[in-house]
Amino acid sequence: MARRALILVEGHARGNGLLYVKAAQRLGLHSITLAADPACYDYLAEEQLEATCVDTNNLDALIRECSRISATYDIAGITGFVGHDESVYARIGKLCRHFDLPGPNPEAIERCSDKFVQRQLLAEAGVPIPAYRMASNVSEIESSAGAIGLPVVVKPVTGSGSNGVRLCRNVDELVDHTNYLLGGEHIGRFPPRILVEEFVEGPYYSAGIMGNEVIGISAAAFGPPPHFVFREATCPAVLTDDQYERIVQVSLRCLRALNLGWGPTDIEFRWTKLGPVVIEVNPRLSGPPDPQLVHLAYGVDLINEHVKLVIGEEWDLRKRHSYVAAARKLTPERDGILNWIEGGNRAAAVSGVAEVKFYVQPNTPIVRKGDYRDCIGHIIAASPTRARTEAMLQRAVDFIEWSITPFPTNE
């Protein structure tokens with residue numbers, strides 16, 4: 001009898017990739033990663049995991065490779081990860097459909113991954129969202145910002161991880177960021193499509209969803225503007241019963257409006273005077289540390305249960321306990337060469353600390369981009385009480401130190 005395999009399209013270098021591999025192993029599956037450049041994911045070599053180089057932007061190439069694998073293995077399921085481009089997850093849905101395996105609805109994923117289309121569908125369903133306009137040139141961006149009113153959030157219509165997202169508080173910032181987007185990597189081979197949105201202020205929350213069930217609602221904070229780089233997160237968020245119920249109900253309306261409801265979804269909110277306003281719907285599992293926080297807070301392993309769904313097994317989303325879990329991202333204060341980073345062992349030894357992870361090694365160039373790539377590590381802690389978790393996390397953070405030598409300047 002052929003060994004059962006889980007196909008992972010691309011990887012996730014900062015945490016989720018290896019967690020999916022471990023979940024597959026617990027379920028008796030052999031993981032095989034298909035990636036354009038497997039060397040991008042250190043854990044593949046470190047754990048001696050099977051990986052194949054394939055053009056993951058090409059559905060036909062993925063089908064051919066999976067067909068080749070099926071001659072040796074019984075493919076139990078297929079899933080994967082997004083990078084800067086969310087379209088890979090839609091291709092995974094099409095790949096699952098081709099092989100008659102459980103998977104997300106690719107058409108729904110494609111609609112949701114286009115932030116302008118997503119906005120249109122949510123607005124039609126009466127879901128509260130920021131005022132928005134789409135633009136394709138400097139003139140349209142400036143007129144959109146004028147109609148909405150500064151400050152505005154300007155971002156590419158596609159992408160993830162806050163890549164290319166910036167708060168523009170005045171005309172100078174608007175012009176600078178517009179020139180950056182129109183002249184940079186965000187354009188690619190397609191005509192430019194840029195979203196200009198009302199800047200909605202208020203506490204930030206995210207709802208972690210599996211299927212049609214909200215598993216947990218987390219609170220998070222960002223680093224300094226004009227960027228949206230996550231600094232810390234806590235699960236569960238401090239909410240009244242009414243606030244919790246309103247976020248749940250708006251989340252379910254989002255799923256219906258976007259035809260989602262299979263597998264994981266992550267929905268971001270700002271809480272305003274009028275209640276929850278949806279900032280973004282991500283038709284996939286959030287990146288670390290969110291899945292770890294839910295696992296620590298409630299005993300629900302979203303990654304493990306997602307893999308069960310992918311291979312056609314029944315998942316178990318029952319909450320087993322109620323803790324408070326929190327994470328702090330480690331973010332450098334300047335660009336330059338990372339000379340050293342230390343204190344990880346002492347931080348990990350603090351009671352209640354669940355994970356200390358560094359994303360970079362000494363001698364790594366640090367070039368901040370104003371998105372998720374600015375973080376160089378994270379620390380996660382959990383305990384039965386909020387105050388204790390916060391104290392343990394801060395104690396662990398205090399152990400971490402690093403040194404960065406600025407790049408030489410040309411005078």
Side-chain angles (χ1 to χ4, degrees), residues 9-10 12 14-17 19-20 79-93 103-122 125 127-130 132 153 155-165 195 197 200 204-220 222 228-230 233 235 237 247-248 250-270 276-294 302-303 305-306 309-310 371-373:
V9 179
E10 290 298 336
H12 199 282
R14 298 195 169 200
N16 282 2
L19 293 178
Y20 269 87
T79 189
F81 313 89
V82 301
H84 302 317
D85 182 1
E86 302 246 7
S87 65
V88 66
Y89 203 56
R91 279 191 293 280
I92 289 168
N105 180 330
E107 292 80 20
I109 299 297
E110 287 175 337
R111 289 192 297 269
C112 190
S113 298
D114 185 310
K115 294 179 174 63
F116 180 68
V117 174
Q118 179 189 126
R119 285 273 179 265
Q120 289 180 308
L121 293 171
L122 293 177
V127 173
I129 59 174
Y132 69 99
V153 177
K155 57 187 174 185
V157 166
T158 60
S160 65
S162 295
N163 190 15
V165 181
L195 203 59
E197 292 184 344
V200 177
Y204 169 94
Y205 302 108
S206 66
I209 300 168
M210 290 294 279
N212 290 296
E213 183 176 346
V214 176
I215 306 301
I217 299 175
S218 301
F222 297 95
F228 295 91
V229 179
F230 285 109
C235 183
I247 289 176
V248 168
V250 172
S251 296
L252 297 179
R253 288 169 62 189
C254 289
L255 297 181
R256 291 192 294 268
L258 299 170
N259 197 25
L260 300 174
W262 187 95
T265 306
D266 177 70
I267 304 181
E268 303 174 25
F269 299 87
R270 290 279 193 177
V277 173
V278 175
I279 301 302
E280 200 158 285
V281 178
N282 300 300
R284 52 175 171 77
L285 190 67
S286 180
D290 289 8
Q292 294 96 316
L293 294 181
V294 171
L302 295 179
I303 292 174
E305 301 312 314
H306 183 207
L309 180 68
V310 165
D371 57 36
Y372 77 99
R373 292 170 290 181

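The closest side-chain heavy-atom distance from E305 to P264 is not below 4.5 Å. Put simply, the side chain of I209 does not reach to within 4.5 Å of the side chain of I215, judged on heavy atoms. Using a 4.5 Å heavy-atom cutoff, the side chains of P156 and N163 are not in contact. A 4.5 Å side-chain heavy-atom check between L258 and Q118 finds at least one atom pair inside the cut-off. With a 4.5 Å cut-off on side-chain heavy atoms, P291 and L285 count as touching. With a 4.5 Å cut-off on side-chain heavy atoms, R284 and T265 do not count as touching. Between R256 and L252 the shortest side-chain heavy-atom distance falls below 4.5 Å. At least one side-chain heavy atom of E280 sits under 4.5 Å from a side-chain heavy atom of K155.
A distance-only check finds a donor-acceptor pair linking the side chain of D371 to the backbone of R373 [under 3.5 Å]. Remark: side-chain polar atoms of N16 are paired, donor with acceptor, to backbone N or O of S286 under 3.5 angstrom. Listed for the S162 side chain is a donor-acceptor partner under 3.5 Å among the backbone atoms of F228.
Annotation: the span from I279 atom CD1 to S206 atom OG amounts to 12.0 Å, rounded to 0.5 Å. From K115, atom NZ reaches atom CG of L122 across 12.5 Å, with rounding to the nearest 0.5 Å. Within the model, atoms OG1 of T79 and OH of Y89 stand 4.5 Å from one another, a figure rounded to the nearest 0.5 Å. Between the NE2 atom in H12 and the CD1 atom in I303 there is a gap of 9.0 Å [rounded to 0.5 Å]. For the atom pair CE of M210 and CG of L302, the computed distance is 5.5 Å after rounding to the nearest 0.5 Å. The structure places CD of Q120 at 5.0 Å from OH of Y132, a figure rounded to the nearest 0.5 Å.
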Item to check | Trace of the side-chain contact (heavy atoms from CB on, under 4.5 Å) decision for Q292 with L19 | outcome: CA-CA 10 Å; Q292 294 96 316; L19 293 178; 3.8 Å; yes
inquiry  = For a side-chain contact (heavy atoms from CB on, under 4.5 Å) check, start with the C-alpha distance between C254 and V278, then their side-chain angles and the critical distance, and finish with the verdict.
reply    = CA-CA 9 Å; C254 289; V278 175; 3.7 Å; yes
Worked verdict on V117 versus E110 for side-chain contact (heavy atoms from CB on, under 4.5 Å): CA-CA 9 Å; V117 174; E110 287 175 337; over 6 Å; no
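Partner of W262 under the side chain to side chain contact (heavy atoms under 4.5 Å, CB included) criterion, out of N105, I109, L255, L309: L309 alone.
Across all their heavy atoms, S251 and V214 have their closest contact at CB-CG2, 4.1 Å. The heavy-atom pair separating A90 from P106 by the smallest distance is O-CB, 3.4 Å. Here the closest heavy-atom approach between residue E268 and residue N282 is recorded as OE2-ND2, 3.0 Å.
Ring centroid separation for the pair F269 and Y205 does not come in under the 6.0 Å cut-off. Ring-centre distance between H306 and Y20: below the 6.0 Å cut-off. In summary, the aromatic rings of Y204 and F222 are positioned with their centroids under 6.0 Å apart.
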